[in-house]
Each structure stands twice: as structure tokens, then as C-alpha cells.
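Written below as C-alpha cells is the structure these notes are about.
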Amino acid sequence: MNLILFGPPAAGKGTQAKRLVDGRGMVQLSTGDMLREAVASQSALGKRVEGVMQRGELVSDEIVIALIEERLPKAESAGGAIFDGFPRTVAQAEALDAMLAGRGAKIDLVVRLKVDDTALVQRVAGRFAESGRADDNPESFKVRLAAYNSQTAPLLPYYTGQGKLVEVDGMGSIEVVAEAIDNALEDHKG
């Protein structure tokens, strides 16, 4: 099963993805992690990524798709992938669909963690007060949240039109959200 996990920063995607990796053996394909690992590997693709990042440019869809394609055999042998941080645009979603179709696969389910933006900002502000993490600064977090909302908004109708979008209340406890995701996965199997 190939799954996309949507949710804004601090919504708990990473926690839920880790749980699915540990509990179901799925492979998490996080674009941020893959870009950092590619650079560290110093492979031909990694050197291309490093050059792009050193110039302060955005890594192209073509490179991100190539990184994902490189990881797909491992995900397929594990029984599925959790896409985290990708796709971010309809063009990326279409490219992902085409790549998977070429491998006789598809996105089976898109789980969107629905959260209350105001409560999320308060949660992050509390975390910032405790830890002082720069990316938890409430003002910069609001910018990241607005960017996420504007980027992913067009993807919701794209996946709704395919009948793949399931929304889960992401404001509950880790266990409650996990149970809702498990239920969505089981419902989709049936």
C-alpha cells in the first residue's frame, strides 16, 4: 500500500509515519531526509543535489522524483511507502502518479491530518517557550503554515476526485489519531 500523509508542520505526521514504519513495516519516503542522505552519499545524484542546494536554489521536481524512484524498490519489497513532504503541487502529484503507474503501482490512500491552525500555533508557541527551537518561533511558524496551506490546497480536490482522500482529526492524542489512521487503512483494504 502506498500512502501519502498530508498535514501542516507540527501536526504529528512524523510521529504517525514512524508508528506506521514500526508497526506495519512500511518505508517512509521523506523528501527532506532523502535530499540530506543523497548529499551525504556523494553519489552522482547526490552531487547534483548538493550543487543545487549550495546555490540556494530549490531542488527540481525531476531530481526529487529521481530520488523517490531510487527508493521505491525497497518500499515495494517492504509492502508500501509513506510519502511525507511530497507531493506539494498538482504537477508533482501527476509526476508521482505517472512514475508509479510505470511500475504497476499507484497511490492507494491519502490521509490528511486536519488540524485547527490557531490551536497548532498555540502548541508551537508553547514548544518554543520550552525549547527555543528556531523553527518553532511562532511568527516564522505562521509563515510556514500559510505556505503549507496555499501549496496543498489544490491537491485536496485532485485526490478527492480520485476517491483517495480520507480526512482524520489530527487534534486528538497520538493514540486517537493513530487509531483513526489505522481504521482508514483497514477500510481502504476492504
Side-chain angles (χ1 to χ4, degrees), residues 1-9 11-55 57-113 148 151-152 154-156 158-166 168 177-178 180-190:
M1 173 176 282
N2 291 313
L3 168 73
I4 295 174
L5 205 49
F6 273 149
K13 289 186 312 294
T15 299
Q16 295 301 330
K18 181 179 184 333
R19 188 189 61 77
L20 290 167
V21 167
D22 293 345
R24 293 178 179 255
M26 297 173 84
V27 172
Q28 181 180 6
L29 298 178
S30 163
T31 50
D33 291 347
M34 286 189 286
L35 291 169
R36 286 184 288 277
E37 289 168 18
V39 169
S41 77
Q42 287 300 292
S43 67
L45 188 57
K47 288 178 181 173
R48 278 180 64 199
V49 169
E50 185 174 35
V52 169
M53 292 170 77
Q54 283 177 345
R55 292 188 301 273
E57 298 169 3
L58 290 176
V59 177
S60 71
D61 288 356
E62 172 197 350
I63 290 174
V64 174
I65 290 283
L67 285 171
I68 289 171
E69 197 157 19
E70 206 174 69
R71 300 290 176 92
L72 277 178
K74 180 180 178 188
E76 289 164 348
S77 66
I82 304 162
F83 293 90
D84 173 7
F86 188 87
R88 294 234 188 228
T89 65
V90 171
Q92 289 177 351
E94 290 169 344
L96 179 60
D97 284 349
M99 179 189 50
L100 290 172
R103 302 177 68 85
K106 65 184 183 349
I107 293 299
D108 296 291
L109 192 63
V110 178
V111 176
R112 177 185 181 210
L113 297 178
Y148 167 81
Q151 286 176 345
T152 57
L155 287 166
L156 300 176
Y158 178 80
Y159 285 115
T160 299
Q162 294 181 7
K164 295 178 180 177
L165 183 70
V166 173
V168 167
V177 174
I181 291 172
D182 287 343
N183 289 338
L185 293 173
E186 292 306 315
D187 287 350
H188 184 75
K189 274 185 181 176

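Atom OG of Ser30 and atom CG of Leu67 lie 11.0 Å apart (nearest 0.5 Å). Expressed to the nearest 0.5 Å, how far CG of Leu3 lies from CZ of Phe83 amounts to 9.5 Å. Put simply, CD on Gln28 and CG on Asp84 are 5.0 Å apart, with the number rounded to the nearest 0.5 Å. The structure places CD of Glu76 at 4.0 Å from CZ of Arg103, a figure rounded to the nearest 0.5 Å. For the atom pair CG of Leu185 and CE of Met26, the computed distance is 6.5 Å after rounding to the nearest 0.5 Å. To the nearest 0.5 Å, the span separating CD on Gln16 from CG on Leu113 amounts to 6.5 Å.
In this structure, Asn183 and Val168 have side chains that are not in contact, with every pair of non-hydrogen atoms separated by 4.5 Å or more. Contact of the Val166 side chain with the Leu109 side chain is registered, since non-hydrogen atoms from C-beta on lie closer than 4.5 Å. Taking the side chain as every heavy atom from C-beta outward, Phe86 and Leu29 never approach each other to under 4.5 Å. Using a 4.5 Å cut-off on side-chain heavy atoms (C-beta onward), Glu50 and Ser41 make no contact. Side-chain contact between Ile4 and Pro87: present, with at least one pair of heavy atoms (C-beta onward) separated by less than 4.5 Å. Counting heavy atoms from C-beta on, the side chains of His188 and Lys164 never come closer than 4.5 Å. Contact annotation: the side chain of Leu72 approaches that of Met99 to within less than 4.5 Å [non-hydrogen atoms, C-beta and beyond]. Looking only at side-chain heavy atoms (C-beta outward), Met34 and Glu70 stay at 4.5 Å or farther from each other.
Using modelled atom types, one finds a donor on one side chain and an acceptor on the other under 3.5 Å when comparing Asp97 with Gln162.
Here the closest heavy-atom approach between residue Leu96 and residue Ile65 is recorded as N-CD1, 3.9 Å. Across every non-hydrogen atom of Gly7 and Tyr148, the tightest pair is N-OH, 3.0 Å.
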Hey, mind stepping through Tyr158 and Leu165 against side chain to side chain contact (heavy atoms under 4.5 Å, CB included) and telling me if it holds? CA-CA 9 Å; Tyr158 178 80; Leu165 183 70; over 6 Å; no
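Formation of a donor-acceptor pair under 3.5 Å by the Thr152 side chain with backbone atoms of Leu155 is not found in this model. Between the side chain of Asn2 and the backbone N or O of Ala81 there is at least one donor-acceptor pair closer than 3.5 Å.
Take Gln151 and apply the side-chain contact (heavy atoms from CB on, under 4.5 Å) test, not counting sequence neighbours, and it matches Arg88.
For residues 12-22, the set of pairs meeting the salt bridge (Lys or Arg N to Asp or Glu O under 4.0 Å) definition, not counting sequence neighbours, comprises Lys18-Asp22, Arg19-Asp182. Sequence neighbours left out, the pairs with a member in residues 59-68 that pass salt bridge (Lys or Arg N to Asp or Glu O under 4.0 Å) are Arg48-Glu62.
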